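Report on the following structure.
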Amino acid sequence: MNAILAEAFVLLLFFSAFAEGRLQADRHLASTDKLCIFSTVSELTDDCSSPLSLIRGAYYDYGHAGLVLVDKSGEKNTYGLWQSGRKKKKVDKCGDSSKSDCLKNYSEDVNFWKDKKNLHVYCKKISSYQRLDFLSAISEPRTWLWAWDNCASMASEVFEEVTGIDVDADDWFLGKDTPCELGKSIDERREMNGGNQH
């Protein structure tokens, strides 16, 4: 009987050590990196696609949206989907494909982020695994299309794929994703978090 109890005690110690080791590993994999989704439009209204919003300057197809990866050292990298005609010759792609319209650290994205003017931002801390998921997702070749795959589409889809959080960009009236609608969703998400960015 004593031998059985001793064996059970040894097994208990083994599994406790194993669980503690897994816990420490998980802590090591935990990251202080943040993934931020942003939208910039001149002014948000309750109805982004209404004629009133056009008059007031919140153009339903105006503005831009993108993503920013902030690592634990504070280094920031921006990612945005841009029309082919707006690209400059020397600019980094989000992935290896030369045909992708996703640009990394494009000057306009960087300026939007630095300027903070009319900027709507929501951030989420991500783990090391999620960081890898993000880098994989953002590297997929994408072509900018006005109605089907634009800057707001990419930002919303990739952010949800990585974090599991849906920050909606779909304007039901227009039947397309817009920076204006995304900005509204970002503000709503922040209100749910007491006004915080994350």
Side-chain angles (χ1 to χ4, degrees), residues 31-44 48 53-54 57-126 130-163 167 169 171 176-187 189-190 197-198:
S31 172
T32 54
D33 291 357
K34 290 190 301 185
L35 182 60
C36 302
I37 185 170
F38 75 87
S39 173
T40 175
V41 290
S42 58
E43 182 180 353
L44 292 180
C48 292
S53 70
L54 300 181
Y59 305 110
Y60 60 82
D61 196 36
Y62 175 77
H64 181 60
L67 297 160
V68 179
L69 182 63
V70 185
D71 71 19
K72 52 191 172 186
S73 70
E75 181 182 349
K76 303 172 182 69
N77 288 293
T78 65
Y79 302 84
L81 195 64
W82 290 89
Q83 293 168 270
S84 299
R86 298 199 60 172
K87 295 199 295 281
K88 308 300 181 186
K89 289 184 179 179
K90 293 183 179 179
V91 65
D92 291 334
K93 301 284 186 173
C94 297
D96 296 329
S97 175
S98 61
K99 296 181 180 179
S100 181
D101 288 332
C102 181
L103 305 180
K104 178 181 178 182
N105 293 329
Y106 181 41
S107 59
E108 292 199 38
D109 280 324
V110 173
N111 290 338
F112 281 138
W113 186 256
K114 286 182 177 177
D115 186 37
K116 305 296 183 189
K117 185 178 180 182
N118 302 315
L119 193 66
H120 306 265
V121 183
Y122 178 70
C123 301
K124 185 72 177 174
K125 287 184 179 179
I126 58 173
Q130 288 174 307
R131 178 190 174 94
L132 293 175
D133 289 341
F134 169 73
L135 294 174
S136 174
I138 204 69
S139 296
E140 291 293 321
R142 299 185 79 124
T143 301
W144 187 95
L145 295 169
W146 180 78
W148 296 281
D149 197 9
N150 56 42
C151 59
S153 308
M154 186 194 79
S156 177
E157 290 168 11
V158 172
F159 191 82
E160 182 176 11
E161 182 177 340
V162 175
T163 68
V167 186
D171 186 310
K176 62 171 292 208
D177 294 329
T178 67
C180 183
E181 197 68 33
L182 183 63
K184 282 174 54 182
S185 296
I186 287 171
D187 289 351
R189 177 65 62 175
R190 288 183 61 173
Q197 286 187 2
H198 44 76

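Because the structure is a prediction, the values reported are computed rather than measured.
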Task: Reported CD1-to-CG distance for the pair I126 and D71, which is rounded to 0.5 angstrom - done: 10.0 Å
Task: Any donor-acceptor N/O pair, S156 side chain to V167 backbone, under 3.5 Å - done: yes
- [ ] Kindly compute the distance separating NZ (K184) from CG (D187), expressed to the nearest 0.5 Å.
- [x] 10.0 Å
Open item on the list: Hydrogens and angles aside, do N150 and S153 bring a side-chain donor and acceptor to less than 3.5 Å of each other?
Closed with: yes
Task: Minimum heavy-atom distance Y79-C94, with the two atoms named - done: CD2-SG, 3.8 Å
Task: Rounded distance [0.5 Å steps], CZ in R189 versus SG in C123 - done: 13.0 Å
Open item on the list: Just so I know, are the side chains of D133 and E161 near enough to count as touching, which here means a heavy-atom distance under 4.5 Å?
Closed with: no
- [ ] Could you tell me which non-hydrogen atom of W113 sits nearest to which non-hydrogen atom of C36, and how far apart they are?
- [x] CH2-CB, 3.9 Å
TODO: Answer yes or no: is there a donor N or O on one side and an acceptor on the other, between the side chain of S139 and the main chain of L135, under 3.5 Å?
DONE: yes
Task: For K72 against D33, the heavy-atom pair lying closest together - done: N-OD1, 2.9 Å
Task: D101 vs R142 side-chain heavy atoms within contact, under 4.5 Å - done: no
Task: Short side-chain to backbone donor-acceptor contact, K93 and S100, under 3.5 Å - done: yes
Task: Passing option when S39 is tested against V121, L119, L182, T178 for side chain to side chain contact (heavy atoms under 4.5 Å, CB included) - done: L182
Task: Check: F134 and L67 side chains under 4.5 Å, non-hydrogen atoms - done: yes
Open item on the list: Any side-chain to backbone donor/acceptor pair from D149 onto L145? Under 3.5 Å, distance only.
Closed with: no
Open item on the list: Rounded to the nearest 0.5 Å, what separates atom CD1 in I37 from atom NE2 in H120?
Closed with: 12.5 Å
TODO: Under the side-chain contact (heavy atoms from CB on, under 4.5 Å) rule, what do V70 and K76 come out as? Steps first, then yes or no, please.
DONE: CA-CA 5 Å; V70 185; K76 303 172 182 69; 4.0 Å; yes
TODO: Keeping the roles fixed (side chain from D109, backbone from T78), state whether a donor-acceptor pair exists under 3.5 Å.
DONE: no
TODO: Flag the pair I138 / M154 as yes when at least one side-chain heavy-atom distance between them is below 4.5 Å, and no otherwise.
DONE: yes
- [ ] Kindly assign one of parallel, tilted or perpendicular to the pair F112 and F38, based on the angle between their ring planes and the thresholds 30° and 60°.
- [x] tilted
